[in-house]
Trainee: 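This is the structure, below, for whatever I ask next.
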Amino acid sequence: MEFRTKVELPVGQYKICHSDLLMLWGSCFSENMGKLLIDNKFNCDINPFGILYNPFSIAKSISLLLEKKVYSEDDLRFDKGMWYSLMHHSSFSSSDKLECLNKINFRMIKGSATLGKANWLILTWGTARVYEWKETGEVVGNCHKLPDKLFVRRLLDVDEIVSVYISLLEKIRLVNPEVQILFTVSPIRHAKDGLHGNQLSKAVLLLAIEKICQKFSYCHYFPSYEILLDELRDYRFYADDMLHPSQLAINYIWECFCECFFTTETLHIMKEWQEIKKGLDHRSFNAKSEAYYTFLSQIMLKIERLKEKLPYLDVQNEITLCQTRLKK
């Protein structure tokens, strides 16, 4: 007897492999998935603007990359000793104006290049509520803890999201005709709006994605939201705040993602790499022993064999680490 409701997964419809270039956008859930992808040696560019929560902030950020926008002092604000951008996460902020601009423009140049050749864009929407800067009426990416009176906060509706993304996706495909788009809704609950308000927001996102996927065959949906709420229906799958998924839940959703998008060969490569990574994480009590030298040499050989089989795999850091330890 099955004691849970299983979410139907789109298994076997689309495939992601290590030779693909991935670009992830969205909420902190996209950061969690991105970290797992990187840990398994996938080539990823994650959030060139930092964490973004709503569809409009993500769309505007992608549009700025398509335009090859270069930020200048006029695009920044200065407050309480810090330079910052209303479109960027606070990790880009700095007390030094030039440093702030350099960090922003460096990531935007890299992001623009990735956008033009990525095989997959993975967009995680967290909320349908946006903050509009009163001075201009434009949606911002980050409020930087500025007073609420400076913003208008509202709930997007389904049709305006769909309209913006129809135009955006057509522009993306002109630059990158082969790119596939994967949408997902973050399972993190936004309790600030009340649980009913959170459900309304998520419903708007789900309906908008459904309409977009119906229109474009290269757009797909992965049900991370449904997996946590409908399949992992227990508070042991939540962190201490009872709003974010626990590591156990993140790992399970990752397993579902692997089942959907990775071939047997890709899973085998991931297993090989995890064995190598486990070996690299091991530190011997006697780093100068013959046994440890032999152990490191075997790891080095495994890395080289994997690199020979998959020349596009970026393992230079691990090779350097092995070489450094072998010289000691």
Side-chain angles (χ1 to χ4, degrees), residues 2-47 55 58 114 118-126 165 169 172-173 176 178-188 202 205-234 237 244-274 310 312-313:
E2 184 69 71
F3 288 97
R4 59 177 174 160
T5 51
K6 283 280 290 177
V7 172
E8 185 177 350
L9 300 173
V11 176
Q13 296 182 32
Y14 329 102
K15 292 303 172 189
I16 295 172
C17 59
H18 281 89
S19 59
D20 288 336
L21 176 57
L22 314 177
M23 194 173 203
L24 284 78
W25 294 83
S27 74
C28 46
F29 183 75
S30 68
E31 298 269 329
N32 291 329
M33 291 293 105
K35 182 180 183 303
L36 286 164
L37 284 162
I38 287 174
D39 283 349
N40 284 279
K41 279 299 167 188
F42 287 89
N43 188 7
C44 301
D45 189 345
I46 305 170
N47 281 333
I58 294 171
T114 303
N119 301 97
W120 285 89
L121 296 188
I122 302 175
L123 313 182
T124 301
W125 294 350
Y165 271 80
L169 294 175
I172 291 171
R173 292 280 285 194
N176 187 347
E178 301 301 321
V179 68
Q180 298 291 307
I181 315 291
L182 179 62
F183 290 95
T184 188
V185 171
S186 170
I188 297 168
K202 301 290 189 184
L205 300 178
L206 291 165
L207 287 167
I209 290 171
E210 180 68 14
K211 285 193 171 186
I212 293 167
C213 289
Q214 286 177 353
K215 182 170 180 61
F216 298 115
S217 62
Y218 55 84
C219 291
H220 322 289
Y221 178 67
F222 175 71
S224 54
Y225 176 77
E226 292 83 351
I227 291 169
L228 185 57
L229 268 72
D230 295 324
E231 186 169 338
L232 305 181
R233 205 183 310 171
D234 191 297
F237 296 112
H244 288 72
S246 67
Q247 191 59 52
L248 181 64
I250 290 169
N251 291 343
Y252 181 77
I253 295 171
W254 168 250
E255 289 175 9
C256 293
F257 186 89
C258 293
E259 183 183 348
C260 284
F261 297 105
F262 300 153
T263 63
T264 303
E265 182 183 359
T266 300
L267 293 171
H268 180 71
I269 293 166
M270 289 165 59
K271 184 179 178 181
E272 273 189 76
W273 180 253
Q274 286 306 312
L310 306 171
Y312 43 79
L313 219 59

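Sequential numbering from 1 along the given sequence is applied to the chain's residues. Since the model is a prediction, treat every value here as computed from it, not as a measurement.
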Trainee: What do the steps show when you test Q13 against C260 for side-chain contact (heavy atoms from CB on, under 4.5 Å), and what is the final call?
Mentor: CA-CA 8 Å; Q13 296 182 32; C260 284; over 6 Å; no
Trainee: Output yes when a side-chain donor or acceptor of Q274 lies under 3.5 Å from a complementary backbone atom of D39, and no otherwise.
Mentor: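 Checking the backbone N and O of D39 against the side chain of Q274, a donor-acceptor pair under 3.5 Å is found.
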Trainee: Evaluate the criterion side-chain contact (heavy atoms from CB on, under 4.5 Å) for residue pair E178 and N119; output intermediate values, then yes/no.
Mentor: CA-CA 7 Å; E178 301 301 321; N119 301 97; over 6 Å; no
Trainee: My understanding is that only residues two or more places apart in sequence, or in another chain, count here; which of them pass side chain to side chain contact (heavy atoms under 4.5 Å, CB included) with C258?
Mentor: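 With neighbours one apart ignored, the set is W254, F262, L267, M270.
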Trainee: Let's go through T266 and T263 carefully: what are the C-alpha distance in whole Å and the side-chain angles of both, what is the deciding distance for side chain to side chain donor-acceptor pair (under 3.5 Å) to 0.1 Å, and is it a yes or a no?
Mentor: CA-CA 5 Å; T266 300; T263 63; 3.1 Å; yes
Trainee: Check side chain to side chain contact (heavy atoms under 4.5 Å, CB included) between E210 and all other residues, then give those that pass, not counting sequence neighbours.
Mentor: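 So E210 forms a side chain to side chain contact (heavy atoms under 4.5 Å, CB included) with Q214.
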Trainee: Does anything in residues 17-40 form a ring-ring contact (aromatic ring centres under 6.0 Å, His included)? List the pairs, not counting sequence neighbours.
Mentor: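 Sorted pair list: H18-F42.
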Trainee: Within this structure, what is the CG-CD1 distance for the pair L310 and I269, rounded to the nearest 0.5 Å?
Mentor: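 CD1 of I269 is found 4.5 Å from CG of L310.
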Trainee: Going by side chain to side chain donor-acceptor pair (under 3.5 Å), name the residues that satisfy it together with Y221, two or more places apart in sequence or in a different chain.
Mentor: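 By the side chain to side chain donor-acceptor pair (under 3.5 Å) rule, Y221 matches E226.
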Trainee: Not counting sequence neighbours, which residues clear side chain to side chain contact (heavy atoms under 4.5 Å, CB included) with Q247? List them please.
Mentor: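 Partners of Q247 under the side chain to side chain contact (heavy atoms under 4.5 Å, CB included) test: I250, N251.
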Trainee: Using the side chain to side chain contact (heavy atoms under 4.5 Å, CB included) definition, which of the options T184, T124, I122 pairs with F222?
Mentor: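 Of the listed options, the one satisfying the test is T184.
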Trainee: What residues form a ring-ring contact (aromatic ring centres under 6.0 Å, His included) with W120, not counting sequence neighbours?
Mentor: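 Scan of W120 (ring-ring contact (aromatic ring centres under 6.0 Å, His included), adjacent residues dropped) gives H220.
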